[in-house]
Amino acid sequence: MTTSGSSFVQRYRIALLTLLALVLLPFVIGLFEGASPFEVWSNQSGMSRFIQGLAIEIFILALYALSYDLIFGFTGLLSFGHSMFFAVGAYLTGIALKSFGLNLWQTFGILMLAALAQALLFGIVLPRVKGITFALVTLGLSSVFHIVVMSRELGDYTGADVGLQGVIIPDFISPATERLRLYFVTLTILVVFYLIYRRFVDSPLGRVCKAIRENEGRAQMLGYNTFLFKLAALILSSLTAAIAGALHTIYQPIVSPDIAGLGFTVTALLMILIGGVGTLHGALAGAAIFRLLDFGLRRYLGESASFVNGAIYVLIVLFLPYGIVGTWQLKASLSIAHMRQGWQRLLEMVGVNVERRASRE
Amino acid sequence: MTQILELHDIHTFIGQYHILQGVSFTVPVGSITALLGRNGAGKTTTLKTIMGLTPPRIGEIRFEGRRINGMRPFEIASLGIGFVPEHRAIFRDLTVEENLKIAERKKGDYVRKQEMIFSLFPDLKRLINLRGANLSGGQQQMLAIARALVADNRLLLIDEPSEGLAPVVIEGLIGAIRHLAADSTVVLVEQNFLVASQLAEYYVIIEEGRSVQSGRMQELVNDKAAIHRYLGAA
C-alpha cells in the first residue's frame, strides 16, 4: 500500500470501519438467527429484515439531519421550515408514482426541479431578513405547505390529514420484496451525500459559509456576496432533504402530514444538537441515537417513552453542549470541564444555588 | 498629487441619530492618513461609511475617481478596498490559514503573498493550524492585518490597530503598517496619538461628526494648541 493510501486509511479508519460494519450488518444479524448469507440476500431472514428496516429509517433521518447541519450548523441559517424540504420530496414522489404513474427517473427529475424551486423560494427572503426573522418567515412558508397537504381540496392527491397511502413502489426497490437492495441503495446515497458535503465544507465555498455563520458583515467586507453562498447552501440542502423525503415515501407505507410540520424541523435540530452542530459526523450519530433511543424506549416503556426521551435530550444538551461528536473532538480536559458545568446547570435547574453551596462548604 | 479617496460633505445617520454631519477630506495615493478625534467623534463611522456598512444619506464618496456611495459592502471591497475593523475582527472558528485563504480575491493570492505575510508576521507561520479563537489579542490583530494583505487592496482602512495591545506588540505593528504603505494607501483610525504621529503623513481631525482640521502630520505635531483642543492631549 502506498504512503498516501495508508495515511488515508489511518485518517478515516473509524469511518471506514463503520461503513464496513454497516455493509456486513444484515448478514451478521442473519447469522445470529441461523440464516446463511444467501438467505439474507434473498430476504428470507426475519430479524435481518427488521434490522435493515430500522437502519433504512436511520439512514433517511441521517440524510435529513445532514441537510439541516449544512444550513444551520455551517451557514448559520436558522430555518424553522426545513421540514418542508423533506415533505415536498416525500409528497411529490408519492403523487408522481401513485396519481400520475410516472417512473422513478421521471419522478427524480421533477423532484430535483421542485427542490430547486423551494430553495429559491426561501432564497427570495434571504437578503431581506436574518436571524429569528428568517426563522419565522420560513416557518410561515412551511406552515402554508402543511395546510395545503392537509386540505380536503387536495385530499385525492395528498390524502389530507390521513396521509398519503397506497403508493406503488417499483419492484426492484420495494421494501417488501427487495429490502436488502433498498438498504444498500439508501446507504450508498447517504455515503455519497456525506462525501459531497465533506467536500463542500472543506472547499473555499464551505469556508465562506462558515465565515457567514460567524459574522456575515465581515465576510461581506472581504468582498463576498454572501447571498449567493447562502443560496448555494440552501439549494444543496433542499436537494438532499427532498431525496431523503423521496426515500421516506419509498420505505414507509404511509406519508403522514406530520413530516410537514414544525415538529419534524425540531427533529432535525434535535438530531444535530445530539450529535454536534456543524460537524457532519454529528448529524449521522445524532440520527442514529435519536431513532434507536426512540425505538428502544417505546418498546420497553410504551407511552412513557416520550417523557424519558425528553429528559435524556435535556441531559445531553446540559452535559454535552457541543453534542456527542463535538465534545469528542474537544480535548479531554475541556470535556471534563463541560461535564462539571453540566452538573452546575442541572443543579441550578432544580433550584440548588451552586455558589451558596460552595461558600457554605 | 492624485487623490485615491475623496469624501465630500458626508452625512450619515444611524437610526434617527445624525452621526456624521459633514465630513470632507481627501487621501493622496500611497500615503498614510490618520483620522483623529475624541471617543465618539465619528471616526469609526467614517470608515464604515466608506465601506458601505452605514451608507451616507448626503454627500459623495469617490474611490479612484469613481463614485462608490450606494454600492453594497462586498462591491466596494471588490474594488480593492480592504477593511481591518476594530476589536480584531477575525473569524474565530477558522484556523489562521483559513482566515488568510478566505481573503483571496483571485485564486492563488494567498500563495503569492504567503512569503511577504510571514516575513512581516513570523508568529502567524508557527500558528498556522490554530483556530483564531486560540490566538492572543496581539496575534489576532496581526492576523486581521495580514488578512487585508492577501488580496491586492489599493486602499486599506484600519480601525484602532493598537487598541489593547502591549507596547512591544505595538512596535511590531507600526513596522508592519509602514510596510503596507509601500504597496497601498492606508487610512488609519488611531486613539494613540503617539502611534498615529509616528505612522501618518497626513491627518484629519473629526469633532462631533464634522471634519474640522486636516493637513500634514508634522504640522499638527508642532501645533500643541490644536492637539490640546481636539484630542485632549498636551
For [X], which atoms come within 4.5 Å of any heavy atom of chain A: side chain, backbone, both, or neither?
X	answer
B:Pro73	both
B:Ile102	both
B:Ile90	backbone

Hey, can you tell me if A:Phe229 and A:Tyr224 have their rings parallel, tilted or perpendicular (30° and 60° cut-offs)?
perpendicular
Measure from the side-chain N and O atoms of B:Gln191 to the backbone N and O of B:Glu160, and report whether any donor-acceptor pair falls under 3.5 Å.
no
Under 3.5 Å donor-acceptor, B:Asn99 side chain and B:Leu94 backbone:
yes
For A:Tyr64 together with A:Phe264, are the ring centres under 6.0 Å from each other?
yes
Ring-ring centroid check A:Phe200 A:Phe74, cutoff 6.0 Å
no
Quick one: of B:Lys101, B:Glu104, B:Met51, who has the most non-hydrogen atom pairs under 4.5 Å with chain A?
B:Lys101
Max heavy-atom pairs within cutoff under 4.5 Å with chain A, candidates B:Arg147, B:Arg105, B:Arg92, goes to B:Arg92
